Amino acid sequence: MSHISENGARKIREICDRYTDEKTPLMMILSDIQNEYGYIPLDVQEIVSQKTGISVAEIYGVVTFYSFFSLRPKGKYIIGCCLGTACYVKGAQQVIDKFSELLGIAPGQTTEDGLFTLDALRCIGACGIAPAVSINGKVYPKMSVASVADVIAEYRAKGGADA
């Protein structure tokens with residue numbers, strides 16, 4: 001628990017307490033923690049384990065299995081590049097490669113300034129507008145390599161402002 005303040009630990013225990021009457025509370029607890037803090041590091045998993053009696057190994061397995069959950073903080077703007085079949089055939093690999101080049105990060109990483117996280121997604125269900133990119137839920141249809149720099153510039157201009 002070295003990284004979690006006592007106030008933070010108390011908040012996590014309160015989240016766990018919301019689901020004491022549930023038969024299988026783990027997904028709900030982890031979802032609330034992810035929404036509250038943006039990620040679920042090991043020390044948070046230990047608090048959840050102590051509070052629920054669910055082993056850290058099981059919690060870690062859930063956190064690492066589902067792509068919604070993260071072990072590390074994500075950027076303010078999460079760029080999800082769909083690499084599903086339709087998007088891939090329409091050039092999604094080149095699009096994600098361009099994001100990677102311009103941001104200086106690989107998929108799964110966050111920029112040093114904490115502004116961007118780049119994620120490779122399997123399918124976002126937007127096959128008709130392939131290749132599709134989503135940034136904090138906003139979908140960019142038919143994304144081209146040529147438009148990647150403009151999209152990055154748009155979000156850099158927003159910077160610290162709310163998206």
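The structure presented is a predicted model; accordingly, all values stated were derived computationally and were not measured.
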Trainee: Counting heavy atoms not belonging to Y60, are there more than 12 under 6.0 Å from its OH?
Mentor: no
Trainee: What's the separation between atom CG in L83 and atom OH in Y88, rounded to the nearest 0.5 Å?
Mentor: 8.0 Å
Trainee: In the structure I gave you, are the side-chain heavy atoms of T64 and L71 within less than 4.5 Å of one another anywhere?
Mentor: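 Yes, side chains in contact.
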Trainee: How many angstroms lie between CG in L30 and CZ in F69, if you round to the nearest 0.5 Å?
Mentor: 4.5 Å
Trainee: Shared ILVMFWY cluster between V44 and Y39, side chains joined below 4.5 angstrom?
Mentor: no
Trainee: Is any side-chain heavy atom of K76 less than 4.5 Å from a side-chain heavy atom of F116?
Mentor: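 Sidechains of F116 and K76: no contact.
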Trainee: Give the C-alpha distance, both sets of side-chain angles, the deciding distance and a yes or no for side-chain contact (heavy atoms from CB on, under 4.5 Å) between Y37 and I12.
Mentor: CA-CA 10 Å; Y37 296 102; I12 291 162; 4.0 Å; yes
Trainee: Is it the case that over 12 heavy atoms from other parts of the model lie below 6.0 angstrom from the NZ atom of K74?
Mentor: yes
Trainee: Could you tell me whether E6 and K11 have a side-chain N and a carboxylate O separated by less than 4.0 Å?
Mentor: no
Trainee: Does this structure show an ion pair linking R156 with D113, if we count only N-O contacts that are shorter than 4.0 Å?
Mentor: yes
Trainee: Can F99 be reached from L121 by stepping across I, L, V, M, F, W or Y side chains whose heavy atoms are under 4.5 Å apart?
Mentor: no
Trainee: V133 vs V151, test: side-chain contact (heavy atoms from CB on, under 4.5 Å). Steps then yes/no.
Mentor: CA-CA 10 Å; V133 169; V151 170; over 6 Å; no
Trainee: OH/Y155 to CG/N136 distance, rounded to the nearest 0.5 angstrom?
Mentor: 6.5 Å
Trainee: Within this structure, what is the CD1-CG distance for the pair I105 and L118, rounded to the nearest 0.5 Å?
Mentor: 5.0 Å
Trainee: Of the non-hydrogen atoms in A92 and C82, which two are nearest, and what is the gap between them?
Mentor: CB-O, 3.1 Å
Trainee: Ignoring hydrogens and geometry, is there a side-chain-to-backbone donor-acceptor pair from E22 to Y19 under 3.5 Å?
Mentor: no
Trainee: Determine, step by step, whether T117 and D119 satisfy the side-chain contact (heavy atoms from CB on, under 4.5 Å) criterion, reporting the C-alpha distance in whole Å, the side-chain angles of both residues, the deciding distance to 0.1 Å, and the verdict.
Mentor: CA-CA 6 Å; T117 294; D119 284 336; 3.8 Å; yes
Trainee: If you compare all heavy atoms of I15 against all heavy atoms of I29, which two are closest, and at what distance to 0.1 Å?
Mentor: CG2-O, 3.8 Å
Trainee: Please report the shortest heavy-atom distance between V62 and L26, naming the atom on each side.
Mentor: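 Looks like CG2-CD2, 3.8 Å.
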Trainee: Would you kindly confirm whether M143 and L102 end up in one hydrophobic cluster when ILVMFWY residues are joined by side chain heavy atoms under 4.5 Å apart?
Mentor: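 Yes: a chain of side-chain contacts under 4.5 Å links M143 to L102.
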Trainee: I need the minimum non-hydrogen distance between I4 and A9, along with the two atoms involved.
Mentor: CG2-N, 3.4 Å
Trainee: Is a side-chain donor or acceptor of Q34 paired with a backbone partner of S70 at a separation under 3.5 angstrom?
Mentor: yes
Trainee: If you apply the rule side-chain contact (heavy atoms from CB on, under 4.5 Å), what do you find for T20 with T52, and how did you get there?
Mentor: CA-CA 8 Å; T20 55; T52 63; over 6 Å; no
Trainee: If you group Ile, Leu, Val, Met, Phe, Trp and Tyr by side-chain heavy-atom gaps below 4.5 Å, do V145 and V139 land in one group?
Mentor: no
Trainee: Could you state whether Y140 and I124 fall into the same hydrophobic cluster, counting links through intermediate Ile, Leu, Val, Met, Phe, Trp or Tyr residues with side-chain heavy atoms under 4.5 angstrom apart?
Mentor: no
Trainee: To the closest 0.5 Å, what do you measure between CD1 (I33) and SG (C16)?
Mentor: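 These two atoms lie 5.0 Å from each other.
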Trainee: Does CZ in R18 sit with more than 12 non-hydrogen atoms of other residues, nucleotides or ligands closer than 6.0 Å?
Mentor: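 More than 12 heavy atoms, drawn from other residues, nucleotides or ligands, come within 6.0 Å of this atom.
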Trainee: Please find the pair of heavy atoms, one from Q45 and one from V56, that lie closest to each other, and give the distance.
Mentor: OE1-O, 4.2 Å
Trainee: Between atom OG1 of T110 and atom CD1 of I78, what is the distance when rounded to the nearest 0.5 Å?
Mentor: 8.0 Å
